[in-house]
Amino acid sequence: MFPAQPEATSGDPATPANDAPGAAFGVPASPHFPKLEEGVLAYWQQDGTFQASIDNRPAGDHGSNEFVFYDGPPFANGLPHYGHLLTGYVKDIVPRYETMRGKRVERRFGWDTHGLPAELEAMRLNGIKTTDEIVEMGIAEFNEACRSSVLKYTKEWQEYVTRQARWVDFENDYKTLNPDYMESVIWAFKTLHDKGLVYEGFRVLPYCWNDETPLSNHELRMDDDVYQSRQDPAVTVGLRLNTGELALVWTTTPWTLPSNLAIMVGEDIDYVVIEAPVPGNPERIERFILAEARLGAYARELGDEPVVVERLTGAQLAGRTYTPPFSYYLGHENAFRVVTAEFVTTTDGTGLVHTAGAFGEDDKVVTDRENIEAVMPVGKDGKFTAPVNDYLGQLVFDANAPIMEHLKAATRGEGETGSVTEGTVLLRRETYDHSYPHCWRCRQPLIYKGVSSWFVAVTQFKDRMVELNEQITWTPEHIKHGQFGKWLENARDWSITRNRFWGSPVPVWKSDDEAYPRIDVYGSFEELERDFGRLPVNADGERDLHRPYVDDLVRPNPDDPRTPEEGQSMMRRVTDVLDVWFDSGSMPYAQVHYPFENRDWFENHYPGDFIVEYIGQTRGWFYTLHVLATALFDRPAFKSCISHGIVLGSDGQKMSKSLRNYPDVNEVFDRDGADAMRWFLMASPILRGGNLIVTEPGIRDGVRQVMLPLWSTWYFFSLYANAFDGGAGYEAKWSTASTDPLDRYLLAKLREFVTELQGQMDRFDIADACESTRTFLDVLTNWYVRRSRDRFWDTSAQDGAVARQAFDTLYTCLEVLTRAIAPLLPLTTEEIWRGLTGGRSVHLTDAPDPSDLPQDHALVVQMDTARAVCSAASSLRKANKLRVRLPLSDLTVVTDDAAALQEFAPIVADEVNVRQVSLQDASTAQAADYGISQQLVVNARAAGPRLGKEVQVAIRGSKSGDWSVTPDGDVTSGGIALVEGEYTLETVVAQDGDGSRATAMLPGGGFIVLDTTVTPELEQEGLARDLVRAVQQARRDAGLDVSDRISLTITGSATVFEATVTHRDLIVEETLATQFSSAPQLDALPARDDVAEATVGEGESARIKVMKIG
RNA sequence: GGGCCUAUAGCUCAGUCGGUUAGAGCGCUUCCCUGAUAAGGAAGAGGUCACUGGUUCGAAUCCAGUUAGGCCCA
């Protein structure tokens, strides 16, 4: 009996709506998939199927049989959304598939735990806003709050992931906050340092002087009102070039002028030198340089039409030197030159930009390029420090006023000038309204400021990164040399430190006295213990590399000969923590605590075989994995990568909780199920890099197109296998021995499907695999099962041998199919496969081997032709208004190899309801018979290269009929001679035919002719079939089971009566009537509830009464 | 402002090496079929392959530019 494993599902999966046709011994006609899925999930849980699927497969020597999958760790301080589910499904499908292909695939779940989001959440929960308050609260307590916030939703995550049927190991997971993980991370830092690939420098960031902390760009976008309108003073200052002119620069941050290091110009911008008097000093004529496009903006100071003395481009200006506006950094190496920069525009200002290096991101890039060392005379409180002694202790914004006063005084040659240099001129001061960033916490205006940071010198090995990228397979392909490749080519050094609290520590200890410099870098607990005499331990006495415990490790500076009493300097850790991306990029080795453990394993499992994340990770995880892999191991970190697109809400916008523009995840699980969602996401273009709009109808579509057909086939099988031999049932077996053409076709088609599917899965082409599956299911249900139905209840001939073959074939097909697509629909296939075979789990089996199935491509092609014949014939019936139940005498099929279709003639005859299917070779068909003619088709692909332009003439000739064939077989079209292979001659038929027949072309060549003559005899049989149909409907309406025997009464006109007499056997057999009577008088049956009325034949009325017997 | 991607039926998307009649699913209209299927079949309507120019005997396809949208960077 099927299902062979009734306990596979818990409870009764049948829906209440399904009581009419009756469940087939426990297999419901229309299952409630979510409930079915929960049953399977419970079974896996209790059976330990997941672990068994791994244990089943040997790892091989040095893990040669392992497929290595890296889980990109999510940050779990929120609940999972569709994006997580999407990657989760891919992260499940690929390992499941590889497992069934014989590989051992360990899957460890990973958690990303460090970083700013955790800190912000902890600050919010504790109602604090500044880093000072964190220190006040205590770093230990604060970090404890971070730790609990990032692990807050792990339980929910586990539930979601389990519900989506993703098999992943939560017991043996990795967390970036584990001491072992962090030890590997500092090992990586130290290794990079030993290779000379990390250095300390400045990083320019938005900086809040009030909270005394740099902000991330992420924080800049925190609120819409971070950018507020603000009035600032703007000054235009002339700086004295070595060639004598005054280069005019414009800035809205006068306070950066004391730190000026260079002037930037646009290479292709046109500049002019003009002569004009100095404002407030009319006798003093100077030569000024500014962009020609900006002349008009300075008409007030320079005159409407100033005398242009010289014109030159930015490129010509570059290289000149000048005297800085203030004298603090006079003599600074490489500084005070005119340099070119791409971002200089002439939309405002003067077309010359002053740069102070460490007070702007672009500025920093340019000064780095020019080897100008940044200066930083502004302290962490935003106040000036040495050597800018004139404004010492003043907040930079407050210093704007005295700075401008000093410039003005120097220009006029009177009053206090501070440290303004000789010859510097203030041309204009104005007030400027602009959108300016403010701190999202304290609302004070931010400044851009260089802060100390450690960098990975990516630029040193980026060429190697580009080379190693060639070894990676990307999906979609264009990522390789596009988004990712371009990013690599333009890679900059990576700032890896953050002046924060919750993260892996920067393992660098520095002397606290510059007089006795020393730097120590540590890469393990052991090294720390060696130098400090103890390990960093937390309050519970456990090894812990987090702050503040690691900061407690302090020791005297060995390079300082003084004694502690003499004030010996101490080695103290730099207080920064590492960028969280350093954590996640370290995941391949850190998750196994390499190199402290698992050295051998790691060496043989790196690079990983496969990763998947969304396309934005080309700048994130994909990138940091690649940087660290290249720098540390000179290998790529992964061999193959899918970067998928973005999941959008139903309105095409980003998913947003407030807009409620996407269906709730749990609602979908509860209503449609995890396999339905899996199918929806996996069959979509999102895995090719496109975007995806999540809609409820889209999800249900997959259920209707794939899951229901698959299930219905299984239901059909179980229904009739169990009903076999009067209910005794038939134990179908795995067999490919059937000689029936439909069976052979199905198995050959199945083989081709499995081959195709595996090719797609091997390429991780999941979307195409889904499409192939959908196409095959269509063949299975809408051709094979539909055309084979009567064989399944034909238990008469040869002791039911016909039915047995059909059952065995369908069993075999379902068994192979469920194994083939088990990764794509793991829950549904599990239920079916277990019901079918009684085995433990489809996921413990091997993927199907195509060679177990018969190969017969010719048969597949022929059957597909037969299907085309049926389709064309149906179209003719429709055009001639001849219903399919009305039998016709003949359908003639004329094709090139008609004999090959002989085997399928009965199938076609039955499908299109004709008495006879005549087959005729095209070569022997007489033109006169059907009004056929020949048509010339030019093969442009073949003829084009030889004929060139002439081919168009030949094509026009073939279409207009201007072509000929000589008796010798020479073909000419449009006057152009064609040679063998450049043309084909096809037989065509007039598309209409005359009154007694209808003709139609077949898509692959050939045509069909349908005899449309309706004789009285055919008319009568058609009527009888109408009656059968009406009786079947009556059976259904009466709620009878398909195998119930009935007593049948039919009444109607004389025409109806005669049909029941002539076709009594047909009616009785088709409707399982063991008692039958009919009468030539409609009213012989009264019009009552249990009597059905029907219109049959050409408008004849009939009454039908059906009664169950026994 | 820069880089990358996308633009094909009402909707969502395929479209191989450039080959002359551009496909699928969904939706719509009409008809048909139904002893598994909340189904199925057929026909029909629906296309300036975003636009402009170029290369070519021939362009949805290759090239350049334009427009619109998306992602990332600035």
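The figures here come from the full heavy-atom set of this structure, side chains too, leaving out hydrogens, waters and symmetry mates. Reminder, nothing fancy here: chain letters follow the sequence lines and each chain counts from 1. Note that the structure is a prediction, hence the values are computed from the model and not measured.
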All side-chain hydrogen bond (donor to acceptor under 3.5 Å, both in side chains) counterparts of A/Asp778, not counting sequence neighbours: A/Asn782
For this output row, return yes or no: ring centroids of A/Phe807 and A/Tyr811 closer than 6.0 angstrom. no
Could you pull out the protein-nucleic contacts involving nucleotides 16-19 of chain B (nitrogen or oxygen on both sides, under 3.5 Å)?
from: B/G19; atom 1: OP2; to: A/Arg941; atom 2: NH2; distance (Å): 3.4

Min side-chain heavy-atom separation A/Ile832-A/Leu817 under 4.5 Å: no
Please state the C1' separation for the pair B/A50 and B/U61 - nearest whole angstrom. 16 Å
Heavy-atom nearest nucleotide on RNA chain B taken for A/Gly616 and for A/Asp768; more 5' hit belongs to A/Asp768
Scan nucleotides 21-28 of chain B against the protein and return all N/O pairs shorter than 3.5 Å with their distances rounded to 0.1 Å.
from: B/U21; atom 1: OP1; to: A/Lys959; atom 2: NZ; distance (Å): 2.8
from: B/A24; atom 1: O2'; to: A/Arg774; atom 2: NH2; distance (Å): 3.2
from: B/G25; atom 1: O2'; to: A/Gln705; atom 2: NE2; distance (Å): 2.7

Contiguous Watson-Crick or G-U pair runs (3 or more, under 3.5 Å) in RNA chain B: B:1-7 with B:67-73, B:10-13 with B:23-26, B:28-32 with B:40-44, B:50-54 with B:62-66
B/A42 phosphate, OP1 or OP2, under 4.0 Å from A/Ser871 side-chain N/O: yes
Nearest-angstrom distance from the residue atom CG of A/Asp910 to P of B/U34: 11 Å
Quick check: on RNA chain B, is the nucleotide nearest A/Lys878 upstream (toward 5') of the one nearest A/Arg883, or the reverse? Name the residue that is more 5'. A/Lys878
Close side-chain approach of A/Leu825 to A/Asp675, heavy-atom, < 4.5 Å: yes
Of all the heavy-atom pairs spanning A/Leu978 and A/Ser973, show the shortest one and how long it is. CD1-CB, 4.1 Å
Contact under 4.0 Å: A/Arg789 side-chain N or O vs B/A36 OP1/OP2: yes
Side chains of A/Arg1029 and A/Gln1033: do they bring a donor and an acceptor to under 3.5 Å? yes
Measure CG/A/Leu886 against C1'/B/C33 and give the value in whole Å, please. 14 Å
In whole angstrom, what separates A/Leu488's CG from B/C72's P? 18 Å
At 4.0 Å (heavy atoms only), tell me whether A/Leu1072 reaches a base, stays on the sugar-phosphate, or touches nothing. base
Need one value for A/Val953: base, sugar-phosphate or nothing, where a base atom within 4.0 Å counts as base even if backbone is also close, heavy atoms only. nothing
Any donor-acceptor pair under 3.5 Å from A/Arg877 side chain to A/Leu886 backbone: yes
For a quick check, tell me whether the side chain of A/Arg1036 and the base of B/U34 share a donor-acceptor pair closer than 3.5 Å. no
For A/Ser875, answer base if it contacts any base atom (sugar-phosphate contacts may also be present), sugar-phosphate if it contacts only those atoms, and nothing otherwise; contact means non-hydrogen atoms under 4.0 Å. sugar-phosphate
Please work out whether the ring planes of A/Trp711 and A/Trp714 are parallel, tilted or perpendicular, with thresholds of 30° and 60°. perpendicular
Just wondering, do A/Asp1037 and A/Val1106 contact through their side chains at under 4.5 Å, heavy atoms? no
Between side-chain atoms of residues 701-709 of chain A and protein atoms elsewhere (two or more places apart, or another chain), which donor-acceptor pairs fall under 3.5 Å?
from: A/Asp701; atom 1: OD2; to: A/Gln705; atom 2: NE2; distance (Å): 3.0
from: A/Gln705; atom 1: OE1; to: A/Arg774; atom 2: NH1; distance (Å): 3.0

Considering only heavy atoms from C-beta outward, does the side chain of A/Arg1025 approach that of A/Leu1066 to under 4.5 Å? yes
Distance check, C1' atoms only: B/G18 and B/A59, in whole angstrom units. 6 Å
Please give the distance between the P atoms of B/C62 and B/A45 as a whole number of Å. 31 Å
Side-chain contact test, heavy atoms from C-beta onward, threshold under 4.5 Å: evaluate it for A/Thr773 versus A/Leu710 and give yes or no. no
What integer distance in Å separates A/Arg786:CZ from B/U37:P? 14 Å
Can you confirm whether or not the ring centre of A/Phe622 sits under 6.0 Å from the ring centre of A/Trp474? yes
C1'-based separation of B/G46 from B/U12 [nearest Å]: 16 Å
In whole angstrom, give me the gap between the C1' atoms of B/G15 and B/G47. 14 Å
Answer yes or no: is there a donor N or O on one side and an acceptor on the other, between the side chain of A/Lys480 and the main chain of A/Ile472, under 3.5 Å? yes
Write down the protein N/O and nucleotide N/O pairs, taken from nucleotides 53-56 of chain B, whose separation is under 3.5 Å; answer none if there are no such pairs.
none

Between atom NE2 in A/His478 and atom P in B/A7, what is the gap in whole Å? 10 Å
Using the P atom on both, measure B/G70 against B/U8 and round to a whole Å. 15 Å
With a 4.5 Å cut-off on side-chain heavy atoms, are A/Leu86 and A/Met682 touching? yes
Between A/Tyr720 and A/Phe792, is the ring centre distance below 6.0 Å? no
For A/Asp1037 and B/U34, what is the distance between atoms CG and C1' respectively, to the nearest whole Å? 13 Å
Looking only at atom P, what distance separates B/C26 and B/G41, rounded to whole Å? 8 Å
Just the rounded figure in Å: distance from C1' of B/C33 to CG of A/Asp1026. 11 Å
Just call it for A/Pro685: base, sugar-phosphate, or nothing, with non-hydrogen atoms closer than 4.0 Å on any strand. sugar-phosphate
Suppose you measure atom P in B/A42 against the same atom in B/G25; what distance do you get, rounded to whole Å? 9 Å
Roughly how many Å is it from CG in A/Leu692 to P in B/C71, rounded to a whole number? 15 Å
Taking the side chain of A/Lys486 as heavy atoms from C-beta outward, which of B/C57, B/C71, B/C4 is closest to it? B/C4
